[in-house]
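Sequence lines set the chain letters: A, B, ... in the order given, protein chains first and strands last, and positions in each chain run from 1.
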Protein chains: 2
Amino acid sequence: MATARLRSRKLSEPTISRLPVYQRIVEGWAAQGLQRIDSSQIGELAGVTATTVRRDLAGLGTLGTRGAGYDVTVLNERIGEALGQSIHCDVIVVGMGNLGRALVNSTNFLVRGATLAALYDVDSKVVGTEIGGQVVRSFSEPLPNATVGVLCVPADQAQEACNRLVAANVHAILNFAPQVLTVPLGTAVHYVDFSIELQILMYHLNNGTGPLGGGVLHSLGIAAATNHRGA
Amino acid sequence: MATARLRSRKLSEPTISRLPVYQRIVEGWAAQGLQRIDSSQIGELAGVTATTVRRDLAGLGTLGTRGAGYDVTVLNERIGEALGQSIHCDVIVVGMGNLGRALVNSTNFLVRGATLAALYDVDSKVVGTEIGGQVVRSFSEPLPNATVGVLCVPADQAQEACNRLVAANVHAILNFAPQVLTVPLGTAVHYVDFSIELQILMYHLNNGTGPLGGGVLHSLGIAAATNHRGA
DNA sequence: GGATGTGAAGTAGTTCACAGCC
DNA sequence: GGCTGTGAACTACTTCACATCC
């Protein structure tokens, strides 16, 4: 259903990473009861130029109105469509330490289209407790069919946990552990590394390019490395 | 000190975001007692081509040996230098929920050059408790001089907390709240948004570009939007 | 009038291919 | 022989400028 017009495929990587930002802005606009937004308003909030916003949105088909900007409801829907939020996606989270809890308890992490299927931990003190409405299971239990696995385990356990996910037929992994993972071809790993964010910020601090100084302007990209290669 | 040769300035944004990845790889190599690494080995682990690795590293000056790759110790040092890890940087964390705790307790978040100066929360049940060796202070107390502020507060409190940081002369903010912040010109905000990572992964899942399918290859970039604009 | 959507130009980043050095 | 470092070619993304449509 809703196979209306998914015309232009192949959004560029930078575009894909900006769309969720636009969507968040549009949702905020909608929450304030506003109905229209234009490319320069989105651009200012997202930290990119209005032209970039228009280019990005043009990739989703014609959805603006010349002279009047974009309808926030339509825009929100179309971005969601483009990002695949209309397709169901089961997510399992492995490792219920502070980070795992933070993710699960966040009202924000599980976006439309993603459902929390199960939580896992190896600590018997945590297994059986309820977090975010889900009972934490033992990671030694059989895993359900899931499409995305989120790894919130310590670095030294990441590869092993990853192996179990791969064996359970999970083909997409969001890895919060500061550990490069080896996976078979056909599995995507997406890394999120907080310290890298901090280091980038520190670089700009020390070089005047970011704060106080000159020209960072937008630099809005993907938060991590996505790779998939042979074992 | 150590003002040896900081020759080529202006590393490109993609390069800056890859350097911490290389550094992590090199550290892992060193921990295993290995002394040399070559560009294709780094590239494979980082998910980029060997040429890209060499280009990135060439920006730090001549530091490899033709025919023999790079010395892991030297490489580690020079990347650290380039990223400004030799310059001291005080970090304060605001909001000690699960995420704030996860960051502070992570052995990985505070990289070389960054020192945890203070922790803050508004919850009187948390204020006064000790987390990661630091006593949590009330956010209404005067703030110390810090160079980087890390926001781990709920979205609806983010702007207010941000204002306090700006008033306390913090010019670089790492914002984990899903909230676009308005800051005065001269302040850098760097956004980290977990749900965006998940959405990017879901997009690739639904389009076959990432897992199972074809061509994601590397896509290694910045995790967020950095902007600074007028109030 | 005003903002979108887009060809054309410009810029930045990556990849190729190989000279240079160990 | 092997791997670095880099000019040259290529590709991708962004920005400009403006025709187009409400």
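Put simply, A:Thr52 has a side-chain N or O that comes within less than 4.0 Å of OP1 or OP2 on D:dT15.
Note: CG (B:Asp56) to P (D:dT6) measures 13 Å, nearest angstrom. Taking atom CZ of B:Arg36 as the reference point, atom C1' of D:dT4 lies 11 Å away to the nearest angstrom. Rounded to a whole Å, the CG atom of B:Asp71 is 13 Å from the P atom of D:dT4. D:dC3 atom P lies 14 Å from atom CD of B:Glu44, rounded to whole Å. The separation between B:Glu13 atom CD and D:dC13 atom C1' is 15 Å, rounded to whole Å.
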List the atom pairs, donor and acceptor, that lie under 3.5 Å between side-chain atoms in residues 36-43 of chain A and the rest of the protein, sequence neighbours left out.
from	atom 1	to	atom 2	distance (Å)
A:Arg36	NH1	A:Ala68	O	2.8
A:Arg36	NH1	A:Gly69	O	3.2
A:Asp38	OD1	A:Ser40	N	3.0
A:Asp38	OD1	A:Ser40	OG	2.8
A:Asp38	OD1	A:Gln41	N	3.0
A:Ser39	OG	A:Arg54	NH1	3.2
A:Gln41	OE1	A:Asp38	N	2.8

Extract all donor-acceptor atom pairs below 3.5 Å that involve side chains of residues 145-159 of chain A and protein atoms in other chains or at least two apart in sequence.
from	atom 1	to	atom 2	distance (Å)
A:Thr147	OG1	A:Asp90	N	3.1
A:Thr147	OG1	A:Asp90	O	3.1
A:Gln159	OE1	A:Thr182	N	2.9
A:Gln159	NE2	A:Asn163	OD1	2.9
A:Gln159	NE2	A:Thr182	O	3.0

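With sequence neighbours left out, the side chain to side chain donor-acceptor pair (under 3.5 Å) criterion links A:Asn175 to no other residue. Applying the side chain to side chain donor-acceptor pair (under 3.5 Å) rule to B:Ser106 yields no partners; only residues at least two apart in sequence or on another chain are considered. Scored by the side-chain contact (heavy atoms from CB on, under 4.5 Å) test, A:Leu34 finds A:Trp29, A:Gln32 as partners (sequence neighbours excluded).
Looking only at atom types and distance, the side chain of B:Gln35 has no donor-acceptor partner in the side chain of B:Asp71 under 3.5 Å away.
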* Asked: When every nucleotide of nucleotides 1-9 of chain C is labelled 5' to 3' by its protein contacts under 4.0 Å (heavy atoms), B for base, S for sugar-phosphate only, - for none, what sequence of letters results?
  -> -BBBBBBB-
